[in-house]
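In what follows, a structure is listed as structure tokens, so that the remarks can point back to it.
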Amino acid sequence: MNLLGRWRAADDPRRVELYTHWSLVPAVFCAPVLVLGLGSGANASEAWVAAVASLVQAAAVGLAVSRVVHRRAWGRPVVVAWVTASALAYVVGLLILRGTDAAVGVTVTAAVLSVVPLGRFRFRRYALVVVAVVGATIAPLVSPPALAVLFVVYGWILASILQLSMWLLDVVRRLADAERAGVRLALAEERLRFARDLHDVVGRDLSAIAVTSDLVAELARRGRPEAVDRAEEVRTIAQNSLQQIRDVVRGYRAVDLATELEGSVALLRSAGVECTVEHTESDLPVEVRSAAAWVIREGVTNVVRHSAATWCRITVSRSADELGVLLENDGVSSAATGNGSGLAGLAERLHPLGGRLDVRRGDGTFVLDARLEVPA
């Protein structure tokens with residue numbers, strides 16, 4: 001997948017990570033431009049050697065920075081590559097090309113880049129030591145010598161940006177984790193509520209069925225005619241309990257269309273998605289309103305969880321014998337193709353009502369189109 005596709009398919013923490021990566025790594029590779037600027041008077045062979053040494057160091061430093069951004073362990077190979085490439089650049093500048101114009105560029109670049117990966121650590125305590133050593137290294141090569149401080153500060157700024165970027169990434173990740181935890185807690189709370197209601201409704205009846213069944217078995221073993229009456233009593237209790245379970249489930253599944261629209265707008269806007277609603281339905285049967293509300297709930301859930309949408313439009317329209325529910329957004333992603341269990345379950349819910357569900361993508365938009373028959 002190309003960079004644009006990865007950006008569209010990513011959630012907010014992943015986007016911040018991609019932005020940080022593609023902001024810092026190119027900045028690292030801008031440092032070798034100093035070789036061209038400070039060593040413009042060098043001959044072709046000297047410039048070639050200096051450029052290769054600087055690019056090798058930039059590649060090693062870029063690898064270290066990339067692994068920091070993506071929270072991957074450096075490992076010994078990355079540290080060795082960073083230190084070796086920096087040392088090699090210093091050797092090329094101070095020994096091999098000593099006294100040439102190219103030596104200035106490669107040594108200054110080595111000084112700047114060698115500081116950048118320190119942004120992974122809390123480097124404030126030894127900041128002055130690093131600045132002093134690096135500044136003293138390149139001061140004899142730069143005219144005026146005070147200009148060396150500017151180059152060291154440039155490298156130090158890159159290291160500070162790396163550290164601040166890591167802090168920002170951690171904050172965004174913690175917020176995303178907290179949001180996901182809140183969703184999980186809400187689901188768990190809803191399950192507990194349903195379990196509590198179900199227990200309150202059928203717990204007593206199941207206990208009565210168990211006790212009465214034992215009595216029926218005992219009476220049957222003794223050949224008592226009262227066993228028939230007790231068995232019928234068990235059947236009555238079971239039928240009543242079944243009806244109560246259906247009532248609980250029906251109440252659990254029943255959702256109000258207007259309330260669902262208001263909640264969906266609030267949820268989308270809190271997630272940074274601009275939402276517009278067009279609502280023109282009139283009096284509808286309860287089962288049709290409930291099904292339409294479930295379409296909106298499932299569609300909005302997909303937008304929040306599986307897409308990177310910036311806008312969403314919800315349209316509820318009524319014709320003579322049909323209610324249309326249309327959700328459009330610009331958050332096309334591989335997770336929103338319509339093959340998930342949520343949309344499949346929604347289609348099954350609409351089928352008994354003579355409804356149909358259509359999911360399509362095109363022109364950068366994702367469309368969820370539901371049609372429900374309205375009885376005369």
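Note that this is a predicted model, so its numbers are computed, not measured.
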How many angstroms lie between atom [atom1] of [X] and atom [atom2] of [Y], to the nearest 0.5 angstrom?
| X | Y | atom1 | atom2 | answer |
| --- | --- | --- | --- | --- |
| Ser264 | Leu327 | OG | CG | 8.0 Å |
| Glu298 | Leu357 | CD | CG | 9.5 Å |
| Leu268 | Arg313 | CG | CZ | 13.0 Å |
| Asp358 | Arg371 | CG | CZ | 9.5 Å |
| Thr20 | Leu168 | OG1 | CG | 6.5 Å |
| Glu260 | Ser290 | CD | OG | 9.5 Å |

Report whether [X] and [Y] are members of the same hydrophobic cluster (ILVMFWY, side-chain heavy atoms less than 4.5 Å apart, transitive linking).
| X | Y | answer |
| --- | --- | --- |
| Leu88 | Val80 | no |
| Leu257 | Leu326 | no |
| Trp294 | Val374 | yes |
| Leu242 | Ile237 | no |
| Val367 | Val273 | no |

- Message: Set out, in order, the CA-CA distance, both residues' side-chain angles and the distance that settles side chain to side chain contact (heavy atoms under 4.5 Å, CB included) for Trp311 and Thr365, then state yes or no.
- Response: CA-CA 10 Å; Trp311 60 265; Thr365 61; 4.0 Å; yes
Any heavy-atom pair between the side chains of [Y] and [X] that's under 4.5 Å?
| X | Y | answer |
| --- | --- | --- |
| Val359 | Phe366 | yes |
| Thr276 | Ile314 | no |
| Glu17 | Leu169 | yes |

- Task: List in chain and number order the residues that pass side-chain contact (heavy atoms from CB on, under 4.5 Å) with Glu232, two or more places apart in sequence or in another chain; answer none if no residue qualifies.
- Result: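 If we apply the side-chain contact (heavy atoms from CB on, under 4.5 Å) test to Glu232, skipping adjacent residues, the hits are Val228, Asp229, Arg235.
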- Query: Partners of Thr301 by side-chain contact (heavy atoms from CB on, under 4.5 Å), sequence neighbours excluded?
  - Reply: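 Once residues adjacent in sequence are excluded, the partners of Thr301 under the side-chain contact (heavy atoms from CB on, under 4.5 Å) criterion are Arg297, Arg305.
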- Task: Ignoring hydrogens and angles, state whether a donor on the side chain of Thr310 or Asp330 is under 3.5 Å from an acceptor on the partner side chain.
- Result: yes
- Task: Can you sort out the partners of Asp321 under salt bridge (charged side-chain N to carboxylate O under 4.0 Å, His left out), two or more places apart, ordered by chain and number?
- Result: none
- Message: Can you list everything that forms a salt bridge (charged side-chain N to carboxylate O under 4.0 Å, His left out) with Arg174? Sequence neighbours excluded, please.
- Response: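 Here no residue qualifies.
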- Salt-bridge criterion met for Glu322 and Arg356 (N-O under 4.0 Å):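 Result for this pair is yes, salt bridge flagged.
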- Task: Work out which heavy atom in Ala53 is nearest to a heavy atom in Val92; give both atom names and the distance.
- Result: CB-CG2, 4.0 Å
Side-chain donor-acceptor pairs of residues 55-68 under 3.5 Å, sequence neighbours excluded:
residue	atom	partner	partner atom	Å
Gln57	NE2	Ser86	OG	3.0
Gln57	NE2	Ala110	O	3.2
Ser66	OG	His21	NE2	3.1
Arg67	NE	Ala73	O	2.9
Arg67	NH2	Ala73	O	3.0

Could you pull out all donor-acceptor pairs under 3.5 Å where a side-chain atom in residues 213-221 meets a protein atom, sequence neighbours excluded?
residue	atom	partner	partner atom	Å
Ser213	OG	Ile209	O	2.7
Glu218	OE1	Arg221	NH2	2.6
Glu218	OE2	Arg222	NE	3.1
Glu218	OE2	Arg222	NH2	3.4

- Query: Could you go step by step and tell me if Val300 and Val265 meet the side chain to side chain contact (heavy atoms under 4.5 Å, CB included) rule?
  - Reply: CA-CA 9 Å; Val300 170; Val265 172; over 6 Å; no
- Message: For Arg360, I'd like to know if atom CZ has over 12 heavy atoms of other residues, nucleotides or ligands within 6.0 Å.
- Response: yes
- Given side chain to side chain contact (heavy atoms under 4.5 Å, CB included), test Ile296 with Leu261 step by step and report yes or no. CA-CA 7 Å; Ile296 295 172; Leu261 284 171; 3.3 Å; yes
- Worked verdict on Trp167 versus Val171 for side chain to side chain contact (heavy atoms under 4.5 Å, CB included): CA-CA 6 Å; Trp167 169 77; Val171 171; 3.9 Å; yes
